[in-house]
There are 2 protein chains.
Amino acid sequence: MARTIGSNGARTAEAIRQAGVKLIYRHGYEAMSLRQLAAEVGLQSGSLYKYFENKQNLLFDIVREHMGDLLVKAEADLDGLTDPMARLRTFVGFHLRYHMTRMAHVFIANMEIRSLDEVHRAEVIGLRRRYEGLLEDILREGARTGVFHVEEPRVVTYAIISMLTGICMWYRPDGPLDQDRLVEIYTGLAVDGVTGPASAFAPAAQPLKRRARG
Amino acid sequence: MARTIGSNGARTAEAIRQAGVKLIYRHGYEAMSLRQLAAEVGLQSGSLYKYFENKQNLLFDIVREHMGDLLVKAEADLDGLTDPMARLRTFVGFHLRYHMTRMAHVFIANMEIRSLDEVHRAEVIGLRRRYEGLLEDILREGARTGVFHVEEPRVVTYAIISMLTGICMWYRPDGPLDQDRLVEIYTGLAVDGVTGPASAFAPAAQPLKRRARG
DNA sequence: AACGGAAACAATCAAGCGTTCTTTTTTATT
DNA sequence: AATAAAAAAGAACGCTTGATTGTTTCCGTT
């Protein structure tokens with residue numbers, strides 16, 4: 001056999017992409033072999049090289065497209081909103097919904113950055129930094145106008161994004177709580193976290209019996 | 001050559017452990033080869049098998065010990081405290097400090113669970129569940145006594161733990177903020193998040209221009 | 001109907017993998 | 001000093017890996 005009946009380059013390319021996401025999500029980039037990937041799509045491993053330069057580039061393509069998509073869509077959602085509180089709520093809602101519907105992509109983009117070579121990694125990290133910058137700017141503006149009590153916007157940005165992204169680790173579409181409810185809960189946590197009184201003070205020493213010894 | 005001068009089993013075992021953590025952290029479990037690990041310790045790859053049964057068991061030993069340690073030390077820190085607020089602050093402080101001083105272990109334990117075979121994974125997940133249960137119980141008790149406004153303790157547990165654990169992704173000991181300051185910030189976020197008003201209501205529809213389309 | 005390019009197969013390569021086994025050297029014990 | 005045990009070397013194993021190449025078949029266009 002050689003070219004198979006009904007074969008179509010565009011369709012195969014998309015199938016490889018999807019299978020790649022699935023397998024990298026499940027086994028990790030290094031652990032996924034190209035023969036495994038080829039079998040998933042119904043090809044021989046050598047045929048994959050019609051669709052990417054090498055294994056590394058497959059990963060890079062997937063991750064970069066994801067990060068670019070995330071950034072563009074977040075900016076679009078925030079576009080036109082000026083009130084920091086509205087922007088924060090929008091950001092939280094967007095981030096959560098995006099992550100709940102693309103868990104595999106998100107997981108890969110966050111976890112396999114280390115598997116990218118230096119050049120590719122730098123580009124992806126740049127995109128991520130721009131994305132984080134969206135939230136950081138919101139927090140700075142809210143702090144400036146006094147709506148938020150945030151002394152360290154950078155740290156709080158990391159904290160909130162970690163909190164939201166963590167939903168990828170356990171969310172299941174058929175779980176007891178639907179997406180809207182989860183967005184409510186997380187939005188409440190984020191809003192309370194940046195508006196609450198505790199972060200406005202330098203708190204007294206914690207009532208610890210003893211410190212963590214770890 | 002065979003046995004090298006000054007060689008000592010206990011010391012080598014510890015060196016292998018440490019090098020294993022370092023390499024798995026840096027490259028991932030699958031990507032770390034035993035020849036790489038052996039070279040790091042100054043051995044031949046075959047000699048490693050005096051110290052573990054196989055590669056899988058090395059990972060399991062590292063992860064299980066970490067999770068067990070985390071659980072035991074958290075329980076010790078919380079021991080004797082009854083006030084939910086004090087317990088929450090203690091938990092947050094413990095978790096953060098532990099994660100700031102053992103970033104590699106934590107990262108491995110969280111990320112390489114999927115690389116464990118079924119039996120080992122089940123045991124590790126059980127330990128993790130017990131650890132999460134500590135916080136969940138704190139939240140439930142606080143909600144019962146009315147100090148906390150938490151409707152979904154399970155979800156909020158995941159949210160807080162993700163937020164805290166995320167510090168492993170960026171914390172550097174030589175950064176501008178010291179551990180105490182970071183504990184303050186994160187504790188403020190957590191406390192405000194569970195005591196603030198927003199989570200007490202079913203919030204109105206978000207002021208979104210449009211929903212995330214991801 | 002014929003042709004050129006697209007699509008996939010099939011075979012191959014060197015390198016590296018985890019693992020096992022035997023041998024050699026060092027250390028500790030008597 | 002002799003001996004047993006510990007520690008590591010080193011060679012070998014069967015396999016799989018990512019990657020390359022040449023060939024064959026199908027398809028869309030003219």
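Within every chain, numbering begins at 1; the chains are lettered A, B, ... in the order of the sequence lines, protein sequences first and strands thereafter.
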> Taking the nucleotide of DNA chain D with the nearest heavy atom to each, does A:L34 or B:G42 sit closer to the 5' end?
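Between the two, 5'-proximity favours B:G42.
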> Is a donor on one side and an acceptor on the other found under 3.5 Å between the side chain of B:T90 and the backbone of B:A86?
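Judged by distance alone, yes, a pair lies under 3.5 Å.
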> From CD of B:Q56 over to C1' of C:dG18, roughly how many Å is that when rounded to an integer?
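Interatomic distance, CD of B:Q56 to C1' of C:dG18: 13 Å.
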> Rounded to 10°, tell me the angle between the two end axes of the helix from C:dA1-D:dT30 to C:dT30-D:dA1, each built from five pairs.
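Inter-axis angle at the ends, rounded: 10°.
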> Please determine, for the side chain of B:T12, which listed nucleotide (D:dA8, C:dG18, C:dA10) has the closest atom?
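So the side chain of B:T12 is nearest to D:dA8.
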> What is the distance, rounded to the nearest whole Å, between atom CG of A:L48 and atom P of D:dG18?
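For the pair A:L48 CG and D:dG18 P, the rounded distance is 10 Å.
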> Between side-chain atoms of residues 18-26 of chain A and protein atoms elsewhere (two or more places apart, or another chain), which donor-acceptor pairs fall under 3.5 Å?
unit_1 : atom_1 : unit_2 : atom_2 : d
A:Q18  : NE2    : A:E14  : OE2    : 3.3
A:K22  : NZ     : A:E40  : OE2    : 2.5

> Go through C:dG18, D:dA8, D:dA19 for me and flag the one nearest to the B:S47 side chain.
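Out of C:dG18, D:dA8, D:dA19, the nucleotide with an atom closest to B:S47's side chain is D:dA8.
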> Would you tabulate the side-chain donor-acceptor contacts of residues 121-133 of chain B under 3.5 Å, counting partners in other chains and residues two or more places apart, or write 'none'?
unit_1 : atom_1 : unit_2 : atom_2 : d
B:R121 : NH1    : B:L116 : O      : 2.8
B:R129 : NH2    : B:Y158 : OH     : 3.4
B:Y131 : OH     : B:H95  : ND1    : 2.6

> Let's see if you get this right: which residues in residues 19-32 of chain B place a heavy atom under 4.0 Å from DNA chain C?
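Result for residues 19-32 of chain B: B:M32, sorted by number.
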> Using whole Å, what does the distance between atom P of nucleotide C:dT19 and atom NZ of B:K55 come to?
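In whole Å, C:dT19 P lies 8 Å from B:K55 NZ.
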> Checking all strands, does B:Y51 fall into the base, sugar-phosphate, or nothing category for heavy-atom contacts under 4.0 angstrom?
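Counting heavy atoms under 4.0 Å across all strands, the contact made by B:Y51 is with sugar-phosphate only.
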> Which residues satisfy the side-chain contact (heavy atoms from CB on, under 4.5 Å) test with A:D137, sequence neighbours excluded?
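None.
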> Please list, chain by chain and in numerical order, all residues satisfying side-chain contact (heavy atoms from CB on, under 4.5 Å) with B:E136, sequence neighbours excluded.
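Only B:R140, B:P153, B:R154, B:T157 meet the side-chain contact (heavy atoms from CB on, under 4.5 Å) criterion with B:E136.
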> Should the ring pair B:Y98 and B:H66 be called parallel, tilted or perpendicular, given that the plane angle runs from 0 to 90° and is split at 30 and 60?
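Tilted, since the angle between the ring planes falls between 30° and 60°.
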> Rounded to whole Å, please give me the gap between CG in B:N54 and P in C:dC17.
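So the two atoms are 17 Å apart, to the nearest Å.
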> Measure from CG on A:N57 to C1' on D:dG18 and round the result to the nearest Å.
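In whole Å, D:dG18 C1' and A:N57 CG are 13 Å from each other.
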> Output yes when a side-chain donor or acceptor of A:Q179 lies under 3.5 Å from a complementary backbone atom of A:R97, and no otherwise.
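The answer is no, because no donor-acceptor pair under 3.5 Å joins these two groups.
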> Return the nearest nucleotide to the side chain of A:Y49; candidates are D:dA19, C:dT19, D:dA8.
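Closest nucleotide to the A:Y49 side chain: D:dA19.
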> Think A:S33 has a side-chain N or O under 4.0 angstrom from the OP1 or OP2 of D:dT16?
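No, outside the criterion.
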> Expressed as a whole number of angstroms, how long is the span from B:Q36:CD to C:dA15:P?
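From B:Q36 CD to C:dA15 P: 18 Å.
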> Counting side-chain heavy atoms from C-beta on, which of C:dG18, C:dA10, D:dA9 comes nearest to A:Q44?
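So the side chain of A:Q44 is nearest to C:dA10.
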> Taking side chain to side chain donor-acceptor pair (under 3.5 Å) as the definition, give me every residue that meets it alongside B:E152, ordered by chain and number, with sequence neighbours left out.
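For B:E152, no residue satisfies side chain to side chain donor-acceptor pair (under 3.5 Å) once neighbours in sequence are set aside.
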> Is there, by distance only and without an angle test, a donor paired with an acceptor across the side chain of B:R35 and the base of C:dG18 below 3.5 Å?
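For B:R35, whose side chain was compared with the base of C:dG18, there is a donor-acceptor pair (under 3.5 Å).
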> Please determine if a side-chain N or O atom of B:K50 lies less than 4.0 Å away from the OP1 or OP2 oxygen of D:dA7.
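Answer is no, no contact under 4.0 Å.
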> Mind checking what makes side chain to side chain donor-acceptor pair (under 3.5 Å) contact with B:R87, not counting sequence neighbours?
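Listed in chain order: nothing, the list is empty.
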> Can you list everything that forms a ring pair (Phe, Tyr, Trp, His ring centres under 6.0 Å) with A:F60? Sequence neighbours excluded, please.
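Scan of A:F60 (ring pair (Phe, Tyr, Trp, His ring centres under 6.0 Å), adjacent residues dropped) gives A:H120.
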> Nearest-Å distance, CG (B:L43) to C1' (C:dT25)?
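Spelled out: CG on B:L43 to C1' on C:dT25 is 15 Å.
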